[in-house]
Amino acid sequence: MAISNIQETLLMYTKQKSMINEKLSNVMFNMMNASRESAELQAKYNDQQQYYYYEYYEDSPEEYEAVIEILEKEHEYELQNLNTWEEQLELDKNNYETQLNEITTYESSWTKLLQTNVKNDFTYGGSGK
């Protein structure tokens, strides 16, 4: 009876680990997407800067400066949003990793308990007591 209860507990931990691993995978996928978006955002910004340089700088440096200032503010705003998202993803990742470590520790202790119970049952049964 005790062994089956321990086995059920171990199965519960296995299920929890699986669910947390799925959430962790989703977070890691989103982190990869955030990195990709950051690179795309920077490339877009660089392209726009180059375009405005060739379009305005020669003819109207004042207008160029005004356009670049607006462009920089937009870029900083987009970067801030992206950084906030990345920070939240990092927090989620750390949270899920902590949960996974806790469950692994619990699972390990229950596995040892199961091994001890099986060993005790085997020893008790084999000694003829």
Side-chain angles (χ1 to χ4, degrees):
M1 175 73 172
I3 291 175
S4 65
N5 288 342
I6 294 172
Q7 288 173 331
E8 286 179 22
T9 302
L10 287 171
L11 288 174
M12 178 194 67
Y13 286 136
T14 301
K15 182 179 177 182
Q16 285 179 338
K17 280 175 51 176
S18 176
M19 291 183 330
I20 291 172
N21 276 324
E22 179 185 6
K23 291 176 183 177
L24 189 57
S25 294
N26 290 336
V27 168
M28 297 299 283
F29 180 74
N30 284 336
M31 289 177 81
M32 181 188 67
N33 282 338
S35 295
R36 179 186 48 81
E37 283 186 32
S38 180
E40 288 174 355
L41 184 64
Q42 188 64 45
K44 176 185 163 189
Y45 174 71
N46 291 345
D47 290 344
Q48 287 176 328
Q49 254 190 336
Q50 186 176 12
Y51 169 78
Y52 289 125
Y53 177 80
Y54 289 118
E55 189 68 28
Y56 292 105
Y57 188 73
E58 294 286 325
D59 298 332
S60 175
E62 297 83 23
E63 191 173 351
Y64 168 77
E65 293 295 328
V67 168
I68 289 299
E69 185 177 332
I70 292 169
L71 182 64
E72 286 176 356
K73 287 181 181 181
E74 288 174 359
H75 181 66
E76 288 174 9
Y77 176 75
E78 290 172 341
L79 276 180
Q80 184 60 40
N81 287 339
L82 194 55
N83 287 338
T84 301
W85 184 40
E86 287 178 321
E87 289 170 4
Q88 183 60 49
L89 288 172
E90 189 66 34
L91 289 173
D92 290 346
K93 177 182 156 255
N94 290 339
N95 183 30
Y96 291 137
E97 286 176 343
T98 301
Q99 289 177 19
L100 196 56
N101 287 337
E102 287 176 3
I103 290 172
T104 301
T105 302
Y106 293 147
E107 185 181 43
S108 175
S109 65
W110 281 98
T111 300
K112 288 177 185 173
L113 182 62
L114 177 63
Q115 290 170 345
T116 301
N117 282 356
V118 169
K119 181 180 175 185
N120 289 344
D121 285 354
F122 180 75
T123 303
Y124 178 75
S127 66
K129 290 184 182 177

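Given the structure is predicted, the values throughout are model-derived calculations rather than measurements. Just so you know, residue 1 is the first one in the sequence shown, and it goes up from there.
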Is it the case that the side chains of Asn46 and Gln50 hold a donor-acceptor pair, with the cut-off being a distance below 3.5 Å and no angle test?
no
Okay, side chain of [X], backbone of [Y]: is any donor-acceptor separation there less than 3.5 Å?
| X | Y | value |
| --- | --- | --- |
| Thr14 | Leu10 | yes |
| Ser108 | Thr104 | no |
| Ser60 | Tyr56 | no |
| Asn95 | Leu91 | no |

I would like to know whether Glu69 and Lys73 meet salt bridge (Lys or Arg N to Asp or Glu O under 4.0 Å); could you show each step before the answer?
CA-CA 6 Å; Glu69 185 177 332; Lys73 287 181 181 181; 3.5 Å; yes
Closest contact, heavy atoms only, [X] versus [Y]:
| X | Y | result |
| --- | --- | --- |
| Ile20 | Tyr96 | CG2-O, 3.5 Å |
| Gln49 | Ile68 | CG-CD1, 3.9 Å |
| Leu89 | Val27 | O-CG1, 3.4 Å |
| Tyr53 | Tyr64 | CA-CE1, 3.3 Å |
| Asn30 | Trp85 | O-CH2, 3.7 Å |
| Ser35 | Glu86 | N-OE2, 3.9 Å |

Joint hydrophobic cluster, Met19 plus Leu11, side-chain heavy atoms closer than 4.5 Å:
no
Do Leu71 and Leu79 belong together in a cluster built from hydrophobic side chains that touch within less than 4.5 Å?
no
Students often mix this up, so state it plainly: with edges at 30° and 60°, are the rings of Trp110 and Tyr13 parallel, tilted or perpendicular?
tilted
Let's go through Glu37 and Asn33 carefully: what are the C-alpha distance in whole Å and the side-chain angles of both, what is the deciding distance for side-chain hydrogen bond (donor to acceptor under 3.5 Å, both in side chains) to 0.1 Å, and is it a yes or a no?
CA-CA 6 Å; Glu37 283 186 32; Asn33 282 338; over 6 Å; no
Does [X] reach the side chain of [Y], with side-chain heavy atoms less than 4.5 Å apart?
| X | Y | value |
| --- | --- | --- |
| Glu40 | Arg36 | yes |
| Gln16 | Gln99 | no |
| Tyr45 | Glu72 | yes |

What residues form a side-chain contact (heavy atoms from CB on, under 4.5 Å) with Glu97, not counting sequence neighbours?
Leu24, Lys93, Asn94
